[in-house]
Amino acid sequence: MSRFFGPIIQNGFVVRDLDAALRHWVEVLGVGPFFVLPRIDFAETRFRGQGVDIQIAVATAYSGDLQIELVQQLNDAPSIYQEFLDAGREGLHHVGVASSDYAADLARATAKGLTVLQGGHTLAGTGFAYFDTAGDFQGTMVELFEATPPLMKFFAKVQAASRTWDGSDPIRHPRAAG
């Protein structure tokens, strides 16, 4: 995907228990600090072509230049996350690519035959699309998300915190992100 859209910057993990996952990443792997958004608000989300009301919590940290995203679905709405969990899986779910020209990249991907399994916009206006590449990548989807200035500012803040993190204050609760 990096040849088509730019570098993969994110590994996204779907977890059943966000608190337990945070403990593992902080205490066992030494990654942090994590910035937790207890609920991402969506303006619109479509899963397999149908509108859905997905509720998720997300925690984000960096290990060097790699963003670690932990996603816990909070309701039982149909979604790529719920399908993953229903299949008995937990862990690496997708890799993420930030797009500075989201509409063009989305159009190029669909023209190449990639199918959007889930997509939409956050309430803050950030577009996202998860492509049905799981079979091709042995279970890992590709997420294309819009590199909006507020979102990229948030990511830069999280990454800067990781560069000087001394292990203290491992779980942080910012107000909002893109």
Side-chain angles (χ1 to χ4, degrees), residues 8-48 50-63 66-98 116-130 134 139-148 150-162 165 167-178:
I8 292 170
I9 67 163
Q10 175 193 82
N11 278 352
F13 296 81
V14 171
V15 301
R16 294 181 194 283
D17 181 336
L18 186 59
D19 292 331
L22 285 165
R23 280 192 304 277
H24 173 78
W25 279 90
V26 168
E27 296 171 10
V28 176
L29 300 175
V31 174
F34 277 88
F35 288 70
V36 178
L37 300 172
R39 181 175 166 148
I40 302 294
D41 293 313
F42 296 101
E44 128 187 63
T45 304
R46 299 187 70 72
F47 170 66
R48 297 190 182 276
Q50 301 295 314
V52 290
D53 179 23
I54 300 168
Q55 298 170 10
I56 62 171
V58 173
T60 305
Y62 275 82
S63 178
L66 179 64
Q67 182 187 108
I68 304 299
E69 177 187 57
L70 306 177
V71 178
Q72 178 184 349
Q73 185 162 330
L74 303 173
N75 65 356
D76 61 357
S79 73
I80 55 173
Y81 318 116
Q82 195 62 50
E83 278 189 350
F84 190 74
L85 295 171
D86 288 348
R89 302 183 67 198
E90 185 173 14
L92 183 62
H93 175 264
H94 63 272
V95 295
V97 177
V116 176
L117 269 183
Q118 184 169 299
H121 290 86
T122 65
L123 203 55
T126 301
F128 64 94
Y130 290 88
T140 305
M141 292 185 190
V142 174
E143 178 190 16
L144 179 69
F145 56 88
E146 190 172 7
T148 63
L151 182 62
M152 299 315 287
K153 182 178 178 183
F154 173 71
F155 288 168
K157 173 183 173 179
V158 175
Q159 188 172 27
S162 76
W165 186 53
S168 63
D169 194 17
I171 311 299
R172 302 176 187 185
H173 297 275
R175 290 191 183 170

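As the structure is a prediction and not an experimental result, all values here were calculated from the model.
- In terms of heavy-atom proximity, Val14 sits nearest to Phe84 at CB-CD2, 3.7 Å.
- For the ring pair (Phe, Tyr, Trp, His ring centres under 6.0 Å) with His94, the qualifying choice from Tyr130, Tyr81, Phe13 is Tyr130, the only one to do so.
- The minimum heavy-atom distance linking Val31 with Tyr62 is given by the pair CG1-O, 3.8 Å.
- In this structure, the side chains of Val95 and Asn11 come closer than 4.5 Å at one or more pairs of heavy atoms.
- The CD1 atom of Ile54 sits 7.5 Å away from atom CZ of Phe47, with the distance rounded to the nearest 0.5 Å.
- Phe128 and Thr122 make their closest contact through CE2-N, 4.2 Å (heavy atoms, listed as atom of the first residue, atom of the second, distance).
- If you take CG on Asp76 and CD on Gln55, they are separated by 9.5 Å, rounding to the nearest 0.5 Å.
- Side chains of Leu117 and Arg48 form a contact here, defined as non-hydrogen atoms less than 4.5 Å apart.
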Exercise for review: With side chain to side chain contact (heavy atoms under 4.5 Å, CB included) as the test, would you mind laying out the steps for Leu29 and Ile68 before giving the verdict?
Suggested key: CA-CA 12 Å; Leu29 300 175; Ile68 304 299; over 6 Å; no
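- To the nearest 0.5 Å, the span separating CG on Leu74 from CD1 on Ile40 amounts to 10.0 Å.
- In this structure, CG in Leu70 is found 9.5 Å from NE2 in His24, a value given to the nearest 0.5 Å.
- Considering only heavy atoms from C-beta on, Pro33 stays 4.5 Å or farther from Asp169 through its side chain.
- Looking only at distances, a side-chain donor or acceptor of Gln118 sits under 3.5 Å from a matching main-chain atom of Ile80.
- When atom types are taken as modelled, the side chain of Ser79 and the backbone of Gln82 share a donor-acceptor pair closer than 3.5 angstrom.
- Counting heavy atoms from C-beta outward, Arg172 and Lys157 have side chains that stay 4.5 Å or more apart.
- The nearest pair of heavy atoms linking Gly125 to Glu146 is O-OE1, 3.5 Å.
- With Trp165 contributing its side chain and Ser168 its backbone, the two residues share a donor-acceptor pair below 3.5 Å.
- Without hydrogens or angle criteria, Arg16 side chain to Glu90 main chain gives no donor-acceptor distance under 3.5 Å.
- The CZ atom of Phe145 lies 9.5 Å from the OG1 atom of Thr126; values are rounded to the nearest 0.5 Å.
- For Ala59 against Leu18, the heavy-atom pair with the smallest separation is CB-CD1, 4.0 Å.
- The heavy-atom pair separating Ala57 from Pro38 by the smallest distance is CB-O, 3.4 Å.
- For the atom pair CD1 (Ile56) and CZ (Phe42), the distance works out to 4.0 Å, reported to the nearest 0.5 Å.
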